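Structure record follows, encoded as structure tokens.
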Amino acid sequence: MKIGLAGGIGSGKSYVAARLLLHGIKVYDCDSAAKRLMRTSTQLREQLTALIGADCYESDGGDGANGPGRLNKAAVSRFLLASPTNQQAINAIVHPAVFADFEESGLQWLESGIMFESGANRHVDRVIVVTAPKEVRLQRIMQRDGISREQAQQWIACQWPQSKVRRLADYEIVNDGQQDIDKQLNIILEQLCNKPF
């Protein structure tokens with residue numbers, strides 16, 4: 001059985017993935033994989049440069065042996081946040097590469113901040129969503145990324161509302177800083193895998 005771990009930015013799904021790793025469950029991180037593939041895949045570099053422009057990548061000063069160069073995060077973020085159409089165009093390039101990489105990884109768990117928007121749910125049998133109050137999410141994003149409240153709200157607005165993802169998911173873990181994450185995970189894992197946490 002393949003299991004998806006969903007949750008919007010700032011929900012704390014990476015923390016939940018880290019708790020799983022402590023118990024021998026390795027989770028495929030779609031965000032990290034996308035960054036790695038955009039850095040190392042010549043094909044993705046060509047497609048993204050054609051879409052975003054020449055400033056999509058910066059030269060890393062090396063000989064190219066480690067891939068096509070450094071992704072210009074600022075340029076990509078500007079393009080991504082400019083319109084939903086731009087976001088969809090980037091996703092249409094990156095997501096298929098990520099899902100193919102997941103299938104090749106041999107892992108059973110997949111973490112994605114845009115599980116349903118991206119179609120990642122089609123690659124798993126069950127979905128667990130990690131949720132948190134909006135204010136908690138905003139504070140986490142601002143602290144983690146060193147950005148303004150307005151910028152954090154922009155990133156949240158790029159994703160589906162938590163309520164919509166919660167309706168589509170099979171299980172929910174509330175990560176509000178109050179409820180016990182391990183206890184919630186234990187209940188879900190026993191149902192999914194008959195394996196206590």
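Every heavy atom of this structure was used, including side-chain atoms; hydrogens, water molecules and symmetry mates were not. Source: prediction; values computed, not measured. Heads up: numbering here begins at 1 and tracks the sequence.
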Legend entry - Nearest-0.5 Å distance that lies between atom CG in N72 and atom OH in Y57: 10.5 Å

Inset, instruction - Indicate yes or no: at least one non-hydrogen side-chain atom of S11 is less than 4.5 angstrom from one of V130. - result: yes

Inset, instruction - Taking the side chain as every heavy atom from C-beta outward, state whether I173 and T131 have any atom pair closer than 4.5 Å. - result: no

Inset, instruction - First locate atom CG of L71, then atom OG1 of T40, and finally report the distance between them rounded to the nearest 0.5 Å. - result: 11.0 Å

Inset, instruction - Please examine the side chains of N91 and S118, heavy atoms only from C-beta on, and report whether any two atoms are closer than 4.5 Å. - result: no

Inset, instruction - Test V27 against L20 for side-chain contact (heavy atoms from CB on, under 4.5 Å), laying out the working first. - result: CA-CA 8 Å; V27 181; L20 288 165; 3.9 Å; yes

Inset, instruction - Take Q88 and T85, measure what side-chain hydrogen bond (donor to acceptor under 3.5 Å, both in side chains) needs, and give me the verdict at the end. - result: CA-CA 5 Å; Q88 290 165 6; T85 303; 5.0 Å; no

Legend entry - Pairs meeting criterion salt bridge (Lys or Arg N to Asp or Glu O under 4.0 Å) with involvement of residues 133-158, two or more places apart: E135-R149

Inset, instruction - Would you indicate whether the side-chain heavy atoms of Q139 and V136 approach each other to under 4.5 Å? - result: no

Inset, instruction - Name all residues meeting the side-chain contact (heavy atoms from CB on, under 4.5 Å) criterion together with Q179; count only those two or more places apart in sequence or in a different chain, and write none if there are none. - result: V174, D176, Q184

Inset, instruction - Mind listing the closest non-hydrogen atom pair of I52 and A75 along with its distance? - result: CG2-O, 4.4 Å

Inset, instruction - List the steps, then state whether side-chain contact (heavy atoms from CB on, under 4.5 Å) holds for R36 with S32. - result: CA-CA 6 Å; R36 172 176 51 81; S32 294; over 6 Å; no

Legend entry - Set of residues satisfying salt bridge (Lys or Arg N to Asp or Glu O under 4.0 Å) with respect to E103, sequence neighbours excluded: K2

Legend entry - Exercise: identify the closest heavy-atom pair between A97 and L37: O-CD1, 3.7 Å

Inset, instruction - Calculate, to the nearest 0.5 Å, the distance between atoms CD1 and CG belonging to I90 and L80 respectively. - result: 4.5 Å

Legend entry - Pairs flagged by ring-ring contact (aromatic ring centres under 6.0 Å, His included) wherever residues 143-171 is involved - sequence neighbours left out: none

Inset, instruction - Taking all non-hydrogen atoms of both residues into account, name the closest pair between I141 and G10 and its distance. - result: CG1-CA, 3.9 Å

Legend entry - Between CD1 on residue I128 and CD1 on residue I188, distance to nearest 0.5 Å: 5.0 Å

Legend entry - Check: S148 main-chain N/O paired with Q151 side-chain donor or acceptor under 3.5 Å: yes

Legend entry - Closest contact, heavy atoms only, C30 versus V98: SG-CG1, 3.9 Å

Legend entry - Cluster overlap L168 with V129, hydrophobic side-chain contacts below 4.5 Å: yes

Inset, instruction - Quick one: list whatever passes salt bridge (Lys or Arg N to Asp or Glu O under 4.0 Å) with E172, sequence neighbours left out. - result: R166

Legend entry - Set of residues satisfying side-chain contact (heavy atoms from CB on, under 4.5 Å) with respect to S105, sequence neighbours excluded: Y28, F102, L107

Inset, instruction - Could you grab the distance from atom CG of L48 to atom CD1 of I93, nearest 0.5 Å is fine? - result: 5.0 Å

Inset, instruction - Among residues two or more places apart or on two chains, list those pairs meeting ring-ring contact (aromatic ring centres under 6.0 Å, His included) that have a residue in residues 129-151. - result: none

Inset, instruction - Take D125 and D170, measure what side-chain contact (heavy atoms from CB on, under 4.5 Å) needs, and give me the verdict at the end. - result: CA-CA 10 Å; D125 303 298; D170 301 289; over 6 Å; no

Inset, instruction - Could you grab the distance from atom CD of Q153 to atom CD1 of I147, nearest 0.5 Å is fine? - result: 10.0 Å

Legend entry - Non-neighbouring partners of N121 that pass side-chain contact (heavy atoms from CB on, under 4.5 Å), sequence neighbours left out: M115, F116, V127

Legend entry - For H23 against R19, the heavy-atom pair lying closest together: CD2-O, 3.3 Å

Legend entry - side-chain hydrogen bond (donor to acceptor under 3.5 Å, both in side chains) contacts in which one or both residues fall within residues 107-116, not counting sequence neighbours: S14-E111

Legend entry - Same cluster (ILVMFWY, side-chain, under 4.5 Å), V16 and M1: yes

Inset, instruction - Could you list the residues that satisfy salt bridge (Lys or Arg N to Asp or Glu O under 4.0 Å) with R126, not counting sequence neighbours? - result: none

Inset, instruction - Verify, without hydrogens or angle tests, whether T49 (side chain) and E46 (backbone) share a donor-acceptor contact under 3.5 angstrom. - result: no

Inset, instruction - Sort and list the pairs that fulfil side-chain hydrogen bond (donor to acceptor under 3.5 Å, both in side chains) and have at least one residue in residues 73-84, not counting sequence neighbours. - result: S83-N86

Legend entry - Shortest non-hydrogen contact from G12 toward N175: CA-ND2, 3.3 Å

Legend entry - Q159 side-chain N/O to I9 backbone N/O, donor-acceptor pair under 3.5 Å: yes

Inset, instruction - Spell out, as yes or no, whether a donor-acceptor pair under 3.5 Å connects the side chain of K13 to the backbone of G7. - result: yes

Inset, instruction - Return each pair, listed once, that meets ring-ring contact (aromatic ring centres under 6.0 Å, His included) where at least one residue sits in residues 71-98; pairs must be two or more places apart or across chains. - result: H95-F99

Inset, instruction - State plainly whether one hydrophobic cluster holds both L189 and I3, where clusters connect Ile, Leu, Val, Met, Phe, Trp and Tyr through side-chain heavy atoms under 4.5 angstrom apart. - result: yes

